[in-house]
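Residue numbers start from 1 in every chain, and the chains themselves are labelled A, B, ... in the order their sequence lines are given, proteins ahead of strands.
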Amino acid sequence: MSSTRLGVPLRSPGRARLVSATSATSSQTAPSSPLGSAAPAPSRAGSGASAPRTLHALVRARTPDALSAPAGSPSKRILAPSTRVHVLPDKLGQAHIDALRQLVAHLGALNVVRSSHTASVAVSLDYATVVLSEIRAPKRAERALGDEAESRGVPVLHHSWLTACLEAGIQVPHEAYQIYPRLTAPAASASASASASASALKRAASNEPASPRRHPEKILRLEESGTEEEQEQDEAYAALRGGYASAEEEEGGYGSHEEGTLPVMVPRGIDKGKGRALDVDASPSRRASASPTPPPHVVAYEGAVPAWQNSANACFRPTPIRSMFNQPLVDELEVIRVSRVLFEKNGARDQHNSAAYGRAISAIKAYPHPLAKDPKKAKEIAGVGAKIYKAVLQFYELGYVAEARAIRGDQSHAIMKSFLDFYGVGPAGARKAYQQGARSLQDLCSLGGSYSDRLGREECLRILPDLLHRIPRRECEFIAELIHDEFEKIHPGMKYTICGGYRRGKATSGDVDVVLAPDPEKAPVGDLKSLKHQTRLLHQVLEALKKKAVMTHIVSVAQPSEYYGEAIVPHCDIAEIVVLPPSLPGAGADATKRPRYRRVDIILTRAEVYGATVLGWTGSKQFEKDIRRQARQQGYKFHSTGLVRLEQPGVTLDTPQEQDIFELLGVPYMPPHLRNCDA
DNA sequence: AGGCCGTACTG
DNA sequence: CAGTAC
DNA sequence: GCCT
């Protein structure tokens with residue numbers, strides 16, 4: 001079973017706390033280290049805004065290498081917050097060491113320092129991502145590091161790497177500064193990296209993935225989608241429904257051409273025939289009878305597609321599942337974004353840093369030309385500023401972004417990232433668990449992470465690995481029908497739409513989002529009399545699902561407020577549950593394969609706001625953020641239970657269809673398949 | 001210089 | 001209130 | 001980090 005992947009062999013947790021990391025930022029609070037316990041911040045020389053200048057003076061005065069800081073000294077971070085630097089004291093005076101450490105902090109990285117005399121260098125190396133030294137001879141560096149150095153794979157760089165980063169305004173590759181391990185290619189001096197990166201460059205230009213096949217990110221992760229297993233299961237559901245071709249690769253892009261109206265490939269599998277071409281929602285259900293093998297879910301979209309525009313708002317730009325032109329770059333920047341998420345602290349300005357990457361990534365993803373042809377064009381894209389522009393240039397120059405490459409080589413990052421995939425674990429939880437020594441799901445559950453408090457460790461280990469598996473479209477449909485059927489039994493005349501990634505056309509989904517409401521067309525009389533009725537209906541359905549052993553867990557049932565001031569506003573009832581779908585009749589003999597636990601969100605809403613709810617639950621995240629920003633700008637507040645004018649917050653506008661909201665907000669209708677604005 | 005989606009639950 | 005989810 |  002795939003969960004074994006989680007049992008990654010890792011060193012025994014434990015000695016972590018020997019090391020303390022300190023960090024001082026150019027101003028304000030010294031963030032506590034994500035790894036190791038926070039040490040008291042060192043006395044900051046020159047507090048407040050004058051810090052950088054003081055630093056430069058300091059460094060210039062005490063460093064042999066001249067520090068020719070460009071006129072505009074960088075106020076933003078240059079090294080990733082995930083960069084952890086250990087300065088080798090050998091041959092460096094204390095003053096010089098201090099200056100280097102200050103520079104490290106100024107650039108936004110962490111210093112790793114030994115907390116006691118007894119701690120060995122090797123312990124520090126465990127936490128450092130780079131070691132800096134004045135030493136230039138590999139042999140000497142090796143001696144200084146000790147035996148374990150090699151196994152750790154932490155490179156020793158000459159400290160001029162730091163100033164090089166400062167000058168470039170972006171993290172630069174290690175190669176030209178690397179002393180140990182000695183690079184096989186004659187790359188010891190500045191001009192070297194060019195030849196080494198030739199092949200990488202070719203990759204970038206040809207839009208191939210920039211990351212080496214076996215980067216550590218994969219250690220704890222399951223495949224993105226379309227594992228053989230899942231494809232197979234997809235087939236099983238297809239068989240159940242009367243024979244489908246196998247799911248396409250995730251896709252949905254522009255055809256090959258310029259902006260304008262684009263013949264877009266979009267998923268189908270959802271068009272039940274009642275309603276207009278644009279109305280792609282609704283029940284996939286009764287289609288199994290359409291006998292001659294129905295086509296795969298990707299078909300030509302017939303409606304008009306908004307033209308690309310250089311907007312800072314993702315909701316104005318058509319964004320397919322994968323960029324046809326710049327996906328490798330998108331993937332590269334996403335690595336950086338995730339690392340920023342992992343290191344963001346609430347309250348600090350960090351949280352907006354990852355968001356900025358998210359917007360830039362989204363903008364690049366939607367950009368309808370290959371940047372490889374002309375990287376300079378990137379600076380004209382709204383959402384791409386000075387810093388990310390530099391990263392783009394670096395990507396096409398070298399074939400990778402130095403910071404992203406460094407992050408990929410960082411085990412701790414890979415592990416913490418994998419923790420984020422578990423329900424209830426966010427950045428803080430992932431950091432904390434890692435810091436406490438957790439390296440696997442088992443560790444995480446033992447420490448009380450994810451929902452192990454509620455479920456208990458064993459139960460967690462039984463359920464959570466299943467939830468990592470993505471859900472094929474057929475099974476999404478199967479589960480949604482199951483749920484819809486229960487609603488019909490209690491309250492006939494309900495319509496539903498499977499939202500989330502499914503509706504955006506993805507081949508597989510992380511969970512199933514089912515939005516339901518009474519359908520006025522089917523059963524005008526069957527409308528829910530009051531909000532109380534609505535809530536009761538949901539609970540009745542949950543009860544029924546539990547009785548049938550389809551639902552195994554209730555993660556939470558939201559009880560949204562009914563009042564806004566004095567006004568009663570419509571609300572959604574939301575149930576987050578875990579289901580274990582019955583094994584498929586169609587999959588018959590193949591009963592060896594047990595079904596998997598699946599996360600399902602049931603959203604019960606009302607016909608008057610059905611459009612808002614469906615829009616709100618279709619995503620992507622970036623699309624949601626940006627359509628809300630747009631709403632604000634237009635004097636509205638939008639959320640999934642409705643659209644209201646800021647002046648009359650008590651009055652929810654009728655938005656039975658998604659189109660209603662687009663119109664009111666002045667946004668061209670974007671078909672769901674072009675709302676894939678996240679990397 | 002100020003803002004960055006909006007709401008709800010858990011501990 | 002911090003953290004997390006959707 | 002980027003936009004207004």
Phosphate OP1/OP2 of C:dA5 contacted by A:Lys621 side-chain N/O (<4.0 Å): no
Nearest-Å distance for atom pair NZ/C1', residues A:Lys432 and C:dA2: 12 Å
Ring geometry between A:Phe623 and A:Phe662 (parallel below 30°, tilted from 30 to 60°, perpendicular above 60°): tilted
Value rounded to 0.5 Å, distance of CH2 in A:Trp617 from CD1 in A:Ile498: 14.5 Å
Chain A footprint on DNA chain D, 5' to 3' - any atom under 4.0 Å from a heavy atom: D:dG1 to D:dC3
Touch class at under 4.0 angstrom, heavy-atom based, for A:Ala355 against every strand present: nothing
Nearest listed nucleotide, side chain of A:Pro427, among B:dC4, B:dA8, C:dT4: C:dT4
is_close_aromatic(A:Tyr367, A:Trp308), centroid dist under 6.0 Å: yes
Under the salt bridge (charged side-chain N to carboxylate O under 4.0 Å, His left out) test, residues paired with A:Arg340 that sit two or more places apart: A:Glu403
Sugar-phosphate only, base, or nothing, as touched by A:Ile603 at under 4.0 Å among non-hydrogen atoms: nothing
N or O in side chain of A:Arg599 less than 4.0 angstrom from C:dC6 OP1/OP2: yes
Spacing of A:Tyr423 atom OH relative to C:dT4 atom C1', expressed in whole Å: 8 Å
Interatomic distance where CG belongs to A:Asp678 and C1' belongs to B:dC5 [whole Å]: 13 Å
cation_pi(A:Arg675, A:Tyr669) dist<6.0 Å, angle<=45: yes
Atom-pair distance (CG on A:Leu420; P on C:dC6), nearest Å: 13 Å
Selection from B:dC5, C:dG3, C:dC6 that lies nearest to any side-chain heavy atom of A:Glu576: C:dC6
Touch class at under 4.0 angstrom, heavy-atom based, for A:Ala631 against every strand present: nothing
Sugar-phosphate only, base, or nothing, as touched by A:Lys625 at under 4.0 Å among non-hydrogen atoms: base
Touch class at under 4.0 angstrom, heavy-atom based, for A:Gly429 against every strand present: sugar-phosphate
Touch class at under 4.0 angstrom, heavy-atom based, for A:Val555 against every strand present: nothing
Non-hydrogen side-chain atoms of A:Val600 and A:Ile483 separated by less than 4.5 Å: yes
C:dA5 versus B:dC5 - spacing of their C1' atoms, nearest Å: 14 Å
Nucleotide B:dG6, atom P - distance to CZ of A:Arg629 in whole Å: 10 Å
Spacing between A:Ile627 atom CD1 and C:dC6 atom P, to the nearest angstrom: 21 Å
Sugar-phosphate, base or nothing in reach of A:Arg359, heavy atoms under 4.0 Å: base
Protein-nucleotide distance (A:Arg340, atom CZ; B:dC4, atom C1'), rounded to Å: 17 Å
No-hydrogen, no-angle side-chain donor-acceptor test under 3.5 Å, A:Thr655 and A:Tyr610: no
Whole-Å gap separating P (B:dC5) and CD (A:Gln630): 13 Å
Residues which pass side-chain contact (heavy atoms from CB on, under 4.5 Å) with A:Arg628, listed by chain and number, not counting sequence neighbours: A:Glu624, A:Phe638, A:His639
